[in-house]
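Have a look at the structure below before the remarks.
Predicted, not measured: the structure shown is a model, and the values here were computed from it.
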Amino acid sequence: MFHTADALLATLDPLPHHHRLRRLALSVPDLAERGALTGVLDDLDRRGDHERRLAALAALVGRQEHFLTARLADPDPVVAGYALRGARALPLPDAAIEAAYEDASAATRDRIARFLWAGDRPHLTERLVTRLRDQGDDTEAARLLPGCSASFTAAALPGLAHAVTSPVRLARRHPGPFLDQAERDLAERTRGAGQADWWQRHGGALAVVTATHPERVLTLLERHGPGTLPYCLRRCAGALVAADAERFVRRLLPPERDHPRHEPDLPSGVFRALVRAGPADPRPLVALTG
């Protein structure tokens with residue numbers, strides 16, 4: 001086996017890309033056993049982009065924490081990507097990730113933000129959110145909320161809701177705080193155009209939370225819903241029916257309807273699901289079926 005960067009490259013270069021990476025990964029344990037891995041990594045890292053990427057992959061396979069830590073904010077996205085993969089699997093220090101984020105370009109910040117969204121480092125993410133808010137960067141602070149704990153997000157969201165640019169991601173990670181904020185936002189808006197705009201802009205997020213918190217979405221509909229079932233909820237109306245068919249029907253046919261034979265535009269299959277659900281009070285269904 002080889003124990004220098006030149007010997008390694010001579011073996012790898014003739015291979016197709018996929019086989020080259022596999023052969024590199026298989027070679028790392030032998031390099032480590034010979035005590036040559038660190039020297040090979042340093043030699044490769046001093047060369048071109050291709051060699052530096054091989055070095056980062058080898059460092060990941062060989063669990064070289066120091067090497068990976070130093071490349072968390074590397075300008076090469078492939079190298080930085082391997083370093084961030086290492087941060088998921090290895091105890092790379094929070095301080096190093098924090099420093100990389102602070103000094104990073106916009107592209108590198110994007111990569112680190114995606115890493116933090118997984119929620120594996122909530123304390124680090126919360127420190128960053130607090131610092132960004134102190135610096136007046138609410139948009140960047142709000143972007144990191146999915147990586148924070150639920151309790152921190154619940155406390156921070158009222159002051160950052162105006163800056164949230166991806167409500168779907170926030171709702172997926174923290175449905176409870178998202179729904180709490182939805183109640184506040186809708187209560188502050190006048191019924192009509194203001195609320196209708198909110199329902200339209202948050203359609204994707206509402207579809208996400210309907211799957212896990214249908215009762216709370218029904219409550220939002222009852223308190224602040226528009227005159228007809230929002231389009232964003234039509235594809236997931238089955239979850240609302242399963243949660244409480246009677247409340248769903250009553251929301252479709254509130255008492256102030258002028259015509260008892262009003263027939264709402266239900267998504268395919270939802271009408272049959274309503275009939276099968278058989279609410280305790282059949283009068284709403286009679287209005288639909290009579």
Tell me the closest heavy-atom pair linking [X] and [Y], and the distance in Å.
X	Y	result
Ala207	Cys236	CA-SG, 4.0 Å
Val61	Ala25	CG1-O, 3.8 Å
Cys148	Val129	SG-CG2, 3.8 Å
Phe115	Ala87	CZ-CB, 3.6 Å
Gly119	Arg173	CA-NH2, 3.4 Å
Ala100	Leu72	CB-CB, 3.8 Å

Leu132 and Leu144: CA distance, side-chain angles, deciding distance, side-chain contact (heavy atoms from CB on, under 4.5 Å) verdict
CA-CA 10 Å; Leu132 289 164; Leu144 295 181; 3.8 Å; yes
Would Asp74 and Arg52 satisfy side-chain contact (heavy atoms from CB on, under 4.5 Å), going step by step from the backbone distance to the final call?
CA-CA 11 Å; Asp74 197 277; Arg52 295 190 69 245; 2.5 Å; yes
Please enumerate all residues that pass side chain to side chain contact (heavy atoms under 4.5 Å, CB included) together with [X], with sequence neighbours excluded.
X	result
Gln200	none
Pro230	Trp199, Leu221, Pro226, Cys232, Leu233
Pro29	none
Ala239	Thr210

If you count every heavy atom of other residues, nucleotides or ligands that lies below 6.0 Å from [X] atom [atom1], does the total exceed 12?
X	atom1	value
His66	NE2	no
Glu222	CD	yes
His17	NE2	no

[Y] and [X], any side-chain heavy atoms less than 4.5 Å apart:
X	Y	value
Asp244	Glu215	no
Leu41	Gln64	yes
Arg189	Asp197	yes
His213	Thr219	no
Thr4	Asp43	no
Phe152	Leu157	no

Roughly how far apart are [X] [atom1] and [Y] [atom2], rounded to 0.5 Å?
X	Y	atom1	atom2	answer
Leu26	Leu21	CG	CG	11.0 Å
Leu60	Tyr82	CG	OH	8.0 Å
Asp42	Thr38	CG	OG1	6.5 Å
Thr69	Leu92	OG1	CG	4.0 Å
His3	Arg34	NE2	CZ	7.0 Å
Leu116	Arg143	CG	CZ	9.5 Å

Could you work out, with side-chain hydrogen bond (donor to acceptor under 3.5 Å, both in side chains) as the rule, every residue matching [X], not counting sequence neighbours?
X	value
Arg20	none
Arg172	none
Arg121	Asp94
Glu102	Arg131

Check for me, please, whether Leu54 and Val79 land in the same ILVMFWY cluster - side-chain distances under 4.5 Å, paths through other members count.
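No, no single cluster joins them.
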Same cluster or not: Tyr101 versus Leu90, using hydrophobic residues (I, L, V, M, F, W, Y) connected whenever any side-chain heavy atoms lie under 4.5 Å apart?
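Yes, because Tyr101 and Leu90 connect within a single hydrophobic cluster, where side-chain heavy atoms sit under 4.5 Å apart.
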Is the closest basic N to carboxylate O distance between Arg250 and Glu246 below 4.0 Å?
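A salt bridge links Arg250 with Glu246.
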Look at Asp110 together with Arg114 and state whether they make a salt bridge at an N to O cut-off of under 4.0 Å.
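Looking at Asp110 and Arg114, the cut-off is not met.
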Test side-chain contact (heavy atoms from CB on, under 4.5 Å) on Val164 and Phe178; report intermediate values, then the result.
CA-CA 11 Å; Val164 172; Phe178 169 81; over 6 Å; no
Hey, does the side chain of [X] reach the backbone of [Y] with a donor-acceptor pair shorter than 3.5 angstrom?
X	Y	answer
Arg22	His18	no
Glu126	Ser149	yes
His174	Leu170	no

What's in the same ILVMFWY side-chain cluster as Val208, cut-off under 4.5 Å, chained through other members?
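Val208 shares its hydrophobic cluster with Val168.
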Return the set of residues passing salt bridge (charged side-chain N to carboxylate O under 4.0 Å, His left out) with Glu183 (not counting sequence neighbours), or none when no residue passes.
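By the salt bridge (charged side-chain N to carboxylate O under 4.0 Å, His left out) rule, Glu183 matches Arg223.
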For Asp120, what residues pass the salt bridge (charged side-chain N to carboxylate O under 4.0 Å, His left out) criterion, not counting sequence neighbours?
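With sequence neighbours excluded, Asp120 shows a salt bridge (charged side-chain N to carboxylate O under 4.0 Å, His left out) to no residue whatsoever.
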Verify the distance criterion only: is there a donor paired with an acceptor across the side chains of Arg111 and Thr108 at less than 3.5 Å?
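Note: Arg111 and Thr108 side chains meet the donor-acceptor criterion.
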Return the set of residues passing ring pair (Phe, Tyr, Trp, His ring centres under 6.0 Å) with Trp117 (not counting sequence neighbours), or none when no residue passes.
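In terms of ring pair (Phe, Tyr, Trp, His ring centres under 6.0 Å), with neighbours along the sequence ignored, Trp117 is linked to no residue.
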CA sep, side-chain torsions, deciding dist, call: Thr139, Leu160, side-chain contact (heavy atoms from CB on, under 4.5 Å):
CA-CA 8 Å; Thr139 300; Leu160 289 174; over 6 Å; no
